[in-house]
Q: 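Sending over a structure as structure tokens; questions will come in a sec.
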Amino acid sequence: MIDAISFTNGTLRYLDQRFLPLQENYVETRSHMEAIEAIKTLAVRGAPLIGVAAGYTVILGLQSYEGTKEEFPAYFDRLIADVEASRPTAVNLFFATAKLKDLFKAHYAALSLEALFAAMNAAAVEIHNDEIANCDNMSRHGVELIKQDLAETLKTRKLTVLTHCNTGTLATGGSGTALGVIKLAWQEGLIEKVITAESRPLLQGLRLTAWELEQEKIPFYSISDSSSAFLMQKGMIDFGIVGADRIASNGDTANKIGTCAHAISAYHHKIPFYIAAPVSTIDITIDNGTQIPIEERNGDELRTIFGTQVATPTTPVINYAFDVTPNQFINGIVTDKKAVTGNYSQELQKLFT
Ligand SMILES: CSC[C@H]1O[C@H](OP(=O)(O)O)[C@H](O)[C@@H]1O
């Protein structure tokens with residue numbers, strides 16, 4: 001399996017995703033500021049992997065601390081704030097920092113800094129291991145849902161599935177969320193081919209999902225984001241499955257920009273459209289998608305393509321990194337605990353009991 005991220009002997013090692021698939025550059029660092037920059041620049045990306053990286057980034061910050069125990073709370077607050085400022089939408093990042101903040105609150109007074117840091121280090125490793133395990137559970141639940149919902153089609157032929165952005169090993173450290181479901185469905189003989197939307201502007205679909213599918217020898221075609229409606233109209237897509245960066249308690253889902261257009265088109269063409277995400281991506285504290293902070297990124301991501309200027313430097317740009325798909329366009333939310341369908345407000349809440 002691709003080694004997207006690891007933490008060994010106090011050193012964070014990650015595969016810099018900005019240069020894939022043409023260059024496989026691994027980076028090692030012991031600097032939490034460098035790790036934060038890696039998250040900001042999408043060298044490390046993908047909601048679950050951002051959560052894993054956030055945990056390890058805090059550990060790097062702890063390793064750099066040289067002050068007294070009395071001075072530590074102020075340092076820890078700044079460290080957490082810097083990590084949480086790296087990317088605002090993927091709730092997995094805040095899920096990870098919340099775990100570490102809870103450990104601080106519970107144990108700072110009683111433990112030595114050494115013991116507290118050891119407990120936080122163990123928690124960061126647990127977050128990573130959990131995300132890997134989540135993928136396997138999610139994949140199983142997703143395949144069962146596909147077998148159920150597409151049973152009629154499966155009687156006569158295999159399926160063609162649309163996906164968007166990258167939700168595989170590069171986004172999770174495990175087999176993947178949506179792409180993990182796709183990989184298992186392929187292994188079980190359910191999939192004919194994958195249609196991977198390029199995912200402008202940073203092309204996670206064209207670059208990263210295509211690279212993962214090539215590694216897995218799964219047949220696929222890449223398409224421009226704007227092609228999905230036409231392929232659906234021509235009957236070339238049987239279902240869609242994508243990841244998520246934050247899911248509201250009513251099932252409204254934030255995911256890579258372009259997702260909502262695919263979902264609305266799928267709804268119009270009566271094609272099932274699913275979200276696959278670990279429970280750590282669900283923000284049960286918010287009622288609906290309007291409350292999800294949507295990251296706006298530098299307009300140069302559109303004005304240039306990987307260093308080549310394609311628009312004038314003064315071209316005005318609106319560059320939202322994510323959009324929000326209303327729950328009415330989502331046929332099911334596949335999590336590591338179960339596949340949720342029906343009344344999301346009720347059913348998602350049950351995942352936390
Ligand atoms: C496993 S879901 C990953 C999720 O994260 C991606 O965003 P980014 O590449 O900007 O980190 C995209 O929204 C994926 O769906």
Side-chain angles (χ1 to χ4, degrees), residues 2 4-5 14-18 20 38-54 86-96 128 130-132 134-139 142 162-183 196-212 225 240-247 253-263 273-283 289 292-298 301-302 319-325 330 333-336:
I2 297 162
I5 196 169
Y14 62 86
L15 176 53
D16 188 331
Q17 301 188 29
R18 291 173 296 178
L20 288 173
I39 295 172
K40 279 182 180 175
T41 59
L42 279 75
V44 171
R45 46 138 308 275
L49 200 76
I50 288 172
V52 173
S86 58
R87 292 194 75 193
T89 301
V91 73
N92 308 64
L93 187 156
F94 303 91
F95 178 83
H128 190 178
D130 285 352
E131 289 300 0
I132 293 170
N134 290 342
C135 291
D136 296 337
N137 295 329
M138 217 178 309
S139 300
L162 169 73
T163 195
H164 187 70
C165 198
N166 173 257
T167 60
T169 302
L170 291 169
T172 62
S175 58
T177 59
L179 200 54
V181 173
I182 292 170
K183 289 173 184 175
T196 171
E198 62 176 340
S199 314
R200 286 275 297 150
L202 297 182
L203 307 177
Q204 290 92 325
L206 178 67
R207 294 186 300 115
L208 307 179
T209 297
W211 187 63
E212 289 200 43
D225 296 330
I241 189 165
V242 300
D245 293 82
R246 193 178 302 219
I247 301 170
T253 296
N255 194 52
K256 184 52 51 195
I257 192 79
T259 300
C260 190
H262 295 317
F273 194 83
Y274 304 112
I275 302 293
V279 171
S280 56
T281 304
I282 300 170
D283 185 348
I292 299 175
I294 299 298
E295 180 184 9
E296 276 197 83
R297 294 183 62 86
N298 189 308
E301 291 184 349
L302 270 79
N319 183 21
Y320 287 113
F322 304 95
D323 57 28
V324 177
T325 299
I330 298 170
I333 298 176
V334 179
T335 77
D336 48 291

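The chain is numbered in sequence order, starting from 1. For ligands, and for the atoms within them, numbers begin at 1 and follow the listed sequence. Here the structure is a predicted model, which is why all the values come from computation and not from measurement.
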Q: What protein heavy atom is closest to atom 13 (O) of ligand 1, reported as residue, atom name and distance in Å?
A: Asp245 OD1, 2.5 Å
Q: How far apart are the C-alpha atoms of Glu295 and Arg297, what are their side-chain angles, what is the distance that settles it, and do they pass the salt bridge (charged side-chain N to carboxylate O under 4.0 Å, His left out) test?
A: CA-CA 6 Å; Glu295 180 184 9; Arg297 294 183 62 86; 2.6 Å; yes
Q: Show the atoms of ligand 1 that are less than 4.0 angstrom away from any heavy atom in Thr167.
A: 1 (C), 2 (S), 15 (O)
Q: Just by distance, with hydrogens left out, do Asn255 and Arg246 show a side-chain donor and acceptor under 3.5 Å apart?
A: no
Q: List the steps, then state whether side-chain contact (heavy atoms from CB on, under 4.5 Å) holds for Ile275 with Ile247.
A: CA-CA 9 Å; Ile275 302 293; Ile247 301 170; 4.0 Å; yes
Q: Taking 4.0 Å as the limit for heavy-atom contacts, which would you say applies to Ala244 with ligand 1: side chain only, backbone only, both, or neither?
A: backbone
Q: Mind checking whether Thr172 and Thr167 have side chains closer than 4.5 Å, heavy atoms only?
A: no
Q: Can you confirm, on distance only, whether ligand 1 has an N/O atom lying under 3.5 Å from any N/O atom belonging to Pro48?
A: no
Q: Numbering the atoms of ligand 1 from 1, which are under 4.0 Å from a heavy atom of Gln204?
A: 8 (P), 9 (O), 10 (O)
Q: Touching ligand 1 at all, Thr177? Heavy atoms, strictly under 4.0 Å?
A: yes
Q: Examine the side chains of Ser280 and Glu131 and answer whether a donor and an acceptor come within less than 3.5 Å of each other.
A: yes
Q: Atoms of ligand 1 less than 4.0 Å from Ala47 heavy atoms?
A: 3 (C), 4 (C), 5 (O)
Q: On a heavy-atom basis, I'd like to know which of Arg87, Met138, Arg246, Glu131 is closest to atom 8 (P) of ligand 1.
A: Arg87
Q: Just to be sure I read this right, does ligand 1 sit under 4.0 Å from the backbone of His164, its side chain, both, or neither, counting only heavy atoms?
A: neither
Q: Starting from atom 10 (O) of ligand 1, which protein heavy atom do you reach first, and at what distance in Å?
A: Lys256 NZ, 2.6 Å
Q: Assess the residue pair Asn166 and Arg207 against the criterion (side chain to side chain donor-acceptor pair (under 3.5 Å)); give the C-alpha distance rounded to whole Å, side-chain angles, the decisive distance to 0.1 Å, and a yes or no.
A: CA-CA 9 Å; Asn166 173 257; Arg207 294 186 300 115; over 6 Å; no
Q: Should Leu202 and Arg18 count as side-chain neighbours, where that means a heavy-atom distance under 4.5 Å?
A: no
Q: What part of Leu202, side chain, backbone, both or neither, has a heavy atom within less than 4.0 angstrom of ligand 1?
A: neither
Q: Identify, by atom number and element, the atoms of ligand 1 in contact range of Asn166, meaning under 4.0 Å from any of its heavy atoms.
A: 3 (C), 14 (C)
Q: Hey, is ligand 1 close enough to Thr172 that some N/O pair sits below 3.5 Å?
A: no
Q: Give the residue and atom name of whichever protein heavy atom lies nearest to atom 12 (C) of ligand 1, and the separation in Å to one decimal.
A: Cys165 SG, 3.3 Å
Q: Can you tell me the protein heavy atom closest to atom 9 (O) of ligand 1 and the distance?
A: Arg45 NE, 2.6 Å
Q: Find out whether Thr177 and Pro48 are in side-chain contact, i.e. whether some heavy atom of one side chain is under 4.5 Å from a heavy atom of the other.
A: yes
Q: For a quick check under 3.5 Å, do Thr281 and Asn92 share a side-chain donor-acceptor pair by atom type?
A: yes
Q: Applying salt bridge (charged side-chain N to carboxylate O under 4.0 Å, His left out) to Glu212 and Lys183, what does each step give before you reach the verdict?
A: CA-CA 10 Å; Glu212 289 200 43; Lys183 289 173 184 175; 3.0 Å; yes
Q: Does some side-chain heavy atom of Leu170 sit less than 4.5 Å from a side-chain heavy atom of Trp211?
A: yes
Q: Among all protein heavy atoms, pick the one closest to atom 14 (C) of ligand 1 and tell me residue, atom and distance.
A: Asn255 OD1, 3.5 Å
Q: Using a 4.0 Å cut-off to any heavy atom of Leu42, which atoms of ligand 1 qualify?
A: 10 (O)
